[in-house]
Every structure is written in C-alpha cells, then in structure tokens.
Amino acid sequence: MRLVDSLRLPVTQPFNFRFTLWKPSHFATELELHSRDESWRTFRIGSLVCGVRMQMDGARTLRADVFSDASWTADASERLASRLTHAYGLGEDPSGFLALARKDSAMREPLAALRGMRQSCPENLFEIAVITLVLQNSTVQRSTQMMSNLLDHYGLTVELPGFRLKSFFTPQDILGVGEAVFRARDRLGYRARYLERFAEFFRTHDPDTEQPNKADLMDEFQMVKGVGPYTAAVIASHAGRDPSAIGIDVWNKKILAKRFLGVEEADASAVTAELTARFPGYEGTASLYAVEYVYKDAALAKLEEQIPMERRALR
DNA sequence: ATCCAGGTTCACA
DNA sequence: TGTGAACATGGA
C-alpha cells in the first residue's frame with residue numbers, strides 16, 4: 001500500500017482528537033493503532049481496502065492520509081471522507097449535551113478530563129454488529145480472541161509504512177463458511193449460529209449507506225437471530241449516533257450505578273431512569289463520558305508505553 | 001471445581 | 001409482559 005490520497009476534514013469545536021478516535025475502554029483489535037497524536041485505522045470502502053493515518057492539522061482540521069493501491073478512485077475518496085466525518089462526528093454540535101452536563105456535579109471530572117470527546121464508530125453497520133456479537137456474554141479477553149480469529153481468517157492484511165494492520169471482512173467474505181467452522185475454528189461458541197445470519201441480512205442492506213436511525217431498519221434487524229435490545233441499542237448509539245440511545249450491559253451498569261446513584265449495584269431500569277432525569281436526550285453521551293473516565297488513566301499509561309515502539313515502526 | 005463474562009433465545013406462566 | 005434455564009468458552 002502506498003500514499004494515494006490526503007483529505008482535510010473540518011471539525012466543529014470543541015473537539016478532542018485523542019479520546020474521540022481512541023476510546024480507552026475499548027478492547028484492542030489489530031484494525032487500528034494509536035499514539036499520542038496519531039491514529040491509524042483500516043477501512044473497507046465497498047470492495048476496496050485502505051489504511052488511514054489521521055492527525056490534527058491545527059484545531060479545526062482533521063488530516064487523513066490514505067494508503068491504498070492502484071484501484072483507489074475519486075469516488076472512494078469521497079465515500080471515505082463521508083465515512084470519517086460520520087464515524088467521528090466531526091460536524092456535530094456538542095452544546096446540547098454540554099449545557100446539561102455542566103450543571104451536573106457528577107459529570108464535572110469526566111467532562112474536564114475528556115473535554116471535546118465524541119462518540120466514535122469507524123465500523124459500518126455490519127462491522128459494529130459483529131463487534132457487539134462477540135461482546136455478548138463474554139469477557140473482554142474472549143471477545144478479543146474471537147475478533148482476532150475472525151480477522152485472521154476472513155479479513156485482509158494491510159501493509160503500511162513499517163508495519164501492518166488487519167482489515168475487517170465483508171458480509172460476502174463469510175457467506176458459506178458455516179456454523180461448524182465458526183464454532184471449531186474461530187471459537188465463537190453459541191454465537192457461531194448467528195454470524196452468518198448477520199452476513200445474510202447485510203447482503204440485502206448495504207452496511208455503508210443504510211441509515212440505522214431509521215426505525216424500520218432497526219426493527220427489521222432485530223428480527224435477525226442474535227440481535228437483541230442490547231445489540232440494537234449499541235448500533236443506534238454508535239453507528240446511528242443517537243445521543244439518547246444506550247446499551248446497558250452488566251459492565252457499564254456497574255459504572256453508571258456508582259457514578260450517578262452512588263451504589264455498587266442497581267437495576268438497569270433504575271440506571272436508565274436516573275440518566276433520563278439528569279440528561280434527557282443525552283443518556284448515551286453521559287454514559288460515554290462516565291465509562292471512558294474510569295479507563296482513561298490506566299489506558300493512557302499503556303498508550304504512552306507504546307509510543308517509542310510505534311515511532312520506530314512508523315519511520 | 002464452580003462461577004460468570006460489555007446477552008439472546010426459548011419455553012412457560 | 002415477565003421470569004428462568006440453556007447456551008460455548010476460558011479465565012479466575
């Protein structure tokens with residue numbers, strides 16, 4: 001892969017590059033690599049694949065250098081620009097959430113530490129659905145293992161200057177693999193039954209252009225086996241960028257109960273009711289800040305450790 | 001060993 | 001509508 005394109009994307013203020021493109025709480029995949037002021041990530045644009053280096057060019061412009069091969073086109077360039085703008089909410093106005101959050105003392109520290117952070121979803125609809133599938137009822141370690149297996153077996157390897165990343169697979173890439181193989185080879189457990197159903201759904205619904213905030217699409221997607229309320233809410237919140245949507249699970253429920261109710265455990269209904277009372281319309285954004293704040297310092301230390309190695313690799 | 005993970009399905013009140 | 005067991009796997 002060689003440098004084929006360079007995009008300049010405008011961003012509204014305030015914008016936190018580091019905690020928007022890299023989320024401290026997310027489990028690591030080999031799809032991306034981050035240092036203090038740069039992020040690398042692969043994308044599938046239709047059948048094309050590319051690696052993108054992203055960094056700020058001043059406070060108001062995100063620069064994206066694209067590495068791909070001779071098949072890269074002007075159309076792909078436009079689609080990538082649109083994908084990145086949507087993935088990181090570059091054009092969003094954060095003032096609605098900020099007005100509520102500034103008045104809430106429980107939000108003071110997260111807001112200060114993560115100022116300008118936005119929801120991020122570099123994945124398209126199919127990809128984020130796969131991520132939530134491997135998250136279901138499993139430890140982060142096992143999610144990481146399942147994801148790594150899938151990327152190794154069905155994704156591509158992208159050669160970048162001095163290092164390599166993996167790319168996601170497309171729905172077509174896994175059609176016909178079969179439940180038995182997903183179970184035995186990829187260690188998906190009972191999730192093996194569901195993965196191919198996901199691919200079938202997105203064979204007829206373009207995961208790059210369908211709008212997940214359309215209620216009928218999400219209703220239809222929830223008919224797919226393996227897609228329940230949690231998965232649907234994560235997609236609405238992440239890919240759909242609905243600031244009010246929130247997927248409650250056993251993990252964030254504990255974090256939210258502690259920060260907003262001051263208790264170790266609480267029912268999901270009590271947590272969501274509290275969030276709605278305090279951040280109406282922005283429950284998901286409030287949750288995002290609360291969760292990332294818990295992980296920020298420990299994860300940042302790990303990121304710092306990686307920098308010397310990455311710097312060598314990137315030369 | 002036994003429990004349980006960043007859930008969902010299915011059966012049965 | 002609501003509750004509870006079963007579901008694969010692997011680490012604690």
Side-chain angles (χ1 to χ4, degrees), chain A residues 19 22-29 31-32 110 117 119-123 125-153 177-201 218-240 242 245-261 264-273 275 283-296 298-299:
Chain A
F19 294 120
W22 169 72
K23 289 289 186 285
S25 80
H26 286 191
F27 74 89
T29 71
L31 296 167
E32 52 191 40
M117 176 181 70
Q119 182 63 274
S120 66
C121 187
E123 295 81 14
L125 286 183
F126 170 67
E127 295 164 357
I128 190 69
V130 173
I131 300 263
T132 59
L133 181 65
V134 303
L135 283 172
Q136 290 174 15
N137 192 236
S138 61
T139 56
V140 165
Q141 181 157 357
R142 240 180 85 51
S143 299
T144 303
Q145 178 199 40
M146 288 186 273
M147 200 62 232
S148 182
N149 288 341
L150 292 172
L151 293 176
D152 277 344
H153 298 154
V177 170
E179 175 185 338
V181 174
F182 289 136
R183 191 181 292 267
R185 186 185 187 211
D186 302 307
R187 316 305 293 165
L188 292 194
Y190 69 88
R191 302 165 196 78
R193 296 171 53 206
Y194 303 138
L195 183 55
E196 205 151 333
R197 307 282 183 83
F198 285 24
E200 284 165 5
F201 181 85
M218 291 316 292
D219 287 347
E220 202 180 336
F221 189 44
Q222 263 190 92
M223 306 290 283
V224 176
K225 293 302 175 198
V227 181
Y230 172 74
T231 298
V234 169
I235 292 174
S237 155
H238 288 62
D242 177 352
I246 173 170
I248 296 278
D249 52 44
V250 299
W251 165 67
N252 61 20
K253 187 175 67 170
K254 209 169 284 183
I255 293 172
L256 298 172
K258 183 145 194 169
R259 176 154 298 272
F260 296 115
L261 295 169
E264 295 300 321
E265 301 282 350
D267 290 342
S269 57
V271 169
T272 51
L275 285 172
E283 295 88 340
T285 313
S287 170
L288 179 69
Y289 272 78
V291 167
E292 296 306 329
Y293 180 66
V294 171
Y295 285 80
K296 174 183 161 284

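Every heavy atom of this structure was used, including side-chain atoms; hydrogens, water molecules and symmetry mates were not. Only a predicted model underlies this, so the values are computations on that prediction, with no experimental measurement involved. The sequence lines fix the lettering, A, B, ..., with proteins before strands; numbering per chain opens at 1.
Rounded to an integer number of Å, the gap from CD1 of Ile248(A) to C1' of dG7(B) is 13 Å. We find that CG of Asp186(A) is positioned 15 Å from P of dA8(C), with the value rounded to whole Å. Computed from coordinates, the Lys254(A) NZ to dG7(B) C1' distance equals 15 Å when rounded to whole Å. Distance Leu150(A) CG to dT9(C) C1': 14 Å, rounded to the nearest Å. Leu188(A) places its CG atom 16 Å from the P atom of dG7(B), with the value rounded to the nearest Å. Look at CZ on Arg193(A): it is 7 Å from P on dA8(C), rounded to the nearest Å. Distance CZ (Phe27(A)) to C1' (dG10(C)): 16 Å, rounded to an integer number of Å. What separates CD1 of Ile235(A) from P of dG7(B) is a distance of 15 Å, to the nearest Å.
Taking every heavy atom of both residues into account, Thr144(A) and Ala28(A) meet most closely at CG2-O, 3.8 Å. Residues Arg187(A) and Met146(A) come closest through the heavy atom pair O-CG, 3.5 Å. A pairwise comparison of heavy atoms in Gly247(A) and Val234(A) identifies CA-CG2, 4.4 Å as the closest pair. Across Ala192(A) and Phe182(A), no two heavy atoms sit closer than the pair CB-CB, 3.7 Å. Of all the heavy atoms in Phe221(A) and Ala129(A), the pair that sits closest is CZ-CB, 3.7 Å. The nearest pair of heavy atoms linking Ser25(A) to Trp251(A) is OG-CH2, 3.8 Å.
A donor-acceptor contact shorter than 3.5 Å is absent between the side chain of Tyr295(A) and the backbone of Lys23(A). Remark: side-chain polar atoms of Asn252(A) are paired, donor with acceptor, to backbone N or O of Asp249(A) under 3.5 angstrom. Between the Arg191(A) side chain and the Leu188(A) main chain, a donor and an acceptor come within less than 3.5 Å of each other. Listed for the Ser237(A) side chain is no donor-acceptor partner under 3.5 Å among the backbone atoms of Ile246(A). Asp267(A) contributes no side-chain N or O that, together with a main-chain N or O of Ala270(A), makes up a donor-acceptor pair within less than 3.5 Å.
Counting only heavy atoms from C-beta outward, the side chains of Leu150(A) and Val134(A) approach each other to under 4.5 Å. Two residues are said to be in side-chain contact when any heavy atoms from C-beta on lie closer than 4.5 Å; Lys254(A) and Glu264(A) fail this criterion. Residues Lys296(A) and Phe19(A) have side chains in contact (heavy-atom distance under 4.5 Å, counting atoms from C-beta outward).
Distance check on atom P: dA6(C) versus dC4(B) gives 15 Å, rounded to whole Å. Comparing dG10(C) with dT9(B), their C1' atoms sit 23 Å apart, to the nearest whole Å. Comparing dG11(C) with dT8(B), their P atoms sit 24 Å apart, to the nearest whole Å. Atom C1' of dC7(C) sits at a distance of 15 Å from the matching atom of dC3(B), rounded to the whole Å.
One side chain, Thr231(A) or Gln136(A), offers a donor N or O that lies under 3.5 Å from an acceptor on the other. If you check the side chains of Thr272(A) and Glu283(A), you find no donor sitting under 3.5 Å from an acceptor.
When heavy atoms are screened at a 4.0 angstrom cut-off, Arg191(A) is found touching base atoms of the nucleic acid.
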I'd like a list of close polar pairs between nucleotides 2-5 of chain C and the protein, N/O only, cut-off under 3.5 Å.
none

Using a cutoff of under 3.5 Å, can you pull out all pairs of nitrogen or oxygen atoms linking the protein to nucleotides 11-13 of chain B, with atom names and distances?
none

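You'll find a donor-acceptor pair under 3.5 Å spanning the side chain of Tyr190(A) and the base of dG7(B), going by distance alone.
Contacts with DNA chain C (heavy atom under 4.0 Å) in residues 139-146 of chain A: Gln141(A), Arg142(A), Gln145(A), listed by number. Taking a 4.0 Å limit (strictly below) on heavy-atom distances, residues 126-137 of chain A reaches DNA chain B at Leu135(A), Gln136(A), Asn137(A). If you check residues 223-233 of chain A against DNA chain B, the residues with a heavy atom closer than 4.0 Å are Val224(A), Lys225(A), Gly226(A), Val227(A), Gly228(A), Pro229(A), Tyr230(A), Thr231(A), listed by number.
Between Trp251(A) and dG6(B), a base-stacking contact is recorded: ring centres under 5.5 Å apart, planes less than 30° from parallel.
Residue pairs meeting the salt bridge (charged side-chain N to carboxylate O under 4.0 Å, His left out) criterion with at least one member in residues 226-236 of chain A, sequence neighbours excluded, do not occur.
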